[in-house]
Amino acid sequence: MSLSVSIYSNANSATKTVTVDFQGDFLAASRAIPSNCCGLEYYFKFNTSARTDSSVTMPTRVVTKLSDLALNLNKQSATNTANSYSDINSMVVDYIYDYVHGHTANQYTSGCSLQRPMKFT
Amino acid sequence: MAIVQVFHEEDNKFYTVSFTLKKGVLIAGSGVDVYYMVVETSMKKHDGTSFTPFLVQTLSDVPPGYSAATTFTALVQDYIAYFIAASGLGASSSSSLSSSSTSSSSSSTSSSTSSSSSTKSSSSSSSTSSSSSSTSSSSSYIERWSSSSSSKSSSSSSSSTSSSTSSSSSSTSSSTSSSS
């Protein structure tokens, strides 16, 4: 059972959906395989069928801990801070924010101004 | 939603520990929708009653007696270990008694029995609902169940308490719905 978060665009009268779920799997590209649990990891998974404004598929995001920040694990999306998320709620909200605004890099440290926001047309 | 299955070899039963992401207004919260997780299990306490669902908002929301987790994987493992211990399914001093009695009853199988019962690897069959992948490995916990088995069966009618803290809210621009 997953949560579906609907995002509505007033300008386009269109709705896009981001799906959030908590699940356990063996992650093929795991950053850190636990030594005591056979490689099985539990994580939050964000997914959307929406595309960016350049019609590129938005990637699935995986969060294994509250210090996994949305912008390349270095910064939170909504605020220029490298602090870990304080709770599950702030993490989920920030990752959805990141999907909607389409950050493409750690923009706060790189100075990159390019964004690939969610496409509603 | 992650559903972890814990196999108890003594009574040949699977117990589940579920971790469900939810959104709603918490009674003790600020009145706005928040995301949180609820941890529930089908295991019973020693007295046969159900465990109260646990509310998880941060990695510090761990079972009683555990220190804060660093990852969600560690958090899940802590809850599984806690439920197994608190329900009496885990290995205890009585496990050596049960293994020795087994070996004495049949000398031909004593070596294999003692070797298998000596392992105390943690339980770990797990499966996820959204993805079809599932893994299972054997658990070798020996129960100390003789006194609590009757209470367990007698209290099986007790329904688990559901989290009453969640409720839907449409106060924000995004709406949330659950799908299976």
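Throughout, a chain's letter reflects where its sequence line sits, starting with A, and its residues are numbered from 1.
Residue A/Y85: no heavy atom, backbone or side chain, is found under 4.5 Å from chain B. With a threshold of 4.5 angstrom between heavy atoms, A/S86 approaches chain B through N, CA, C or O but not through any side-chain atom. Residue B/T71 touches chain A through both its backbone and its side chain, counting heavy-atom pairs closer than 4.5 Å. For a residue to count as touching a neighbouring chain, one of its non-hydrogen atoms must lie under 4.5 Å from one of that chain's; by this rule B/V34 touches chain A with backbone and side chain alike. Looking at A/V20, both its backbone and its side chain come within 4.5 Å of chain B, counting heavy atoms on both sides.
The ring of A/Y95 has its center closer than 6.0 angstrom to the ring center of A/F46. For B/F54 and B/Y79, the distance between ring centers is under 6.0 angstrom. For B/F7 and B/F14, the distance between ring centers is under 6.0 angstrom.
For the set B/L75, B/D61, B/L59, the entry with the most heavy-atom pairs within less than 4.5 Å of chain A is B/L59. When the candidates B/V76, B/T58, B/V56 are compared by the number of heavy-atom contacts under 4.5 Å with chain A, B/V76 comes out ahead.
Side-chain polar atoms of B/K44 and B/S50 form a donor-acceptor pair below 3.5 angstrom.
Ring geometry for B/Y66 versus B/Y82: interplanar angle over 60°, hence perpendicular rather than tilted (30 to 60°).
For A/D68 and A/R61, the salt-bridge test fails: no basic side-chain N is under 4.0 Å from an acidic carboxylate O.
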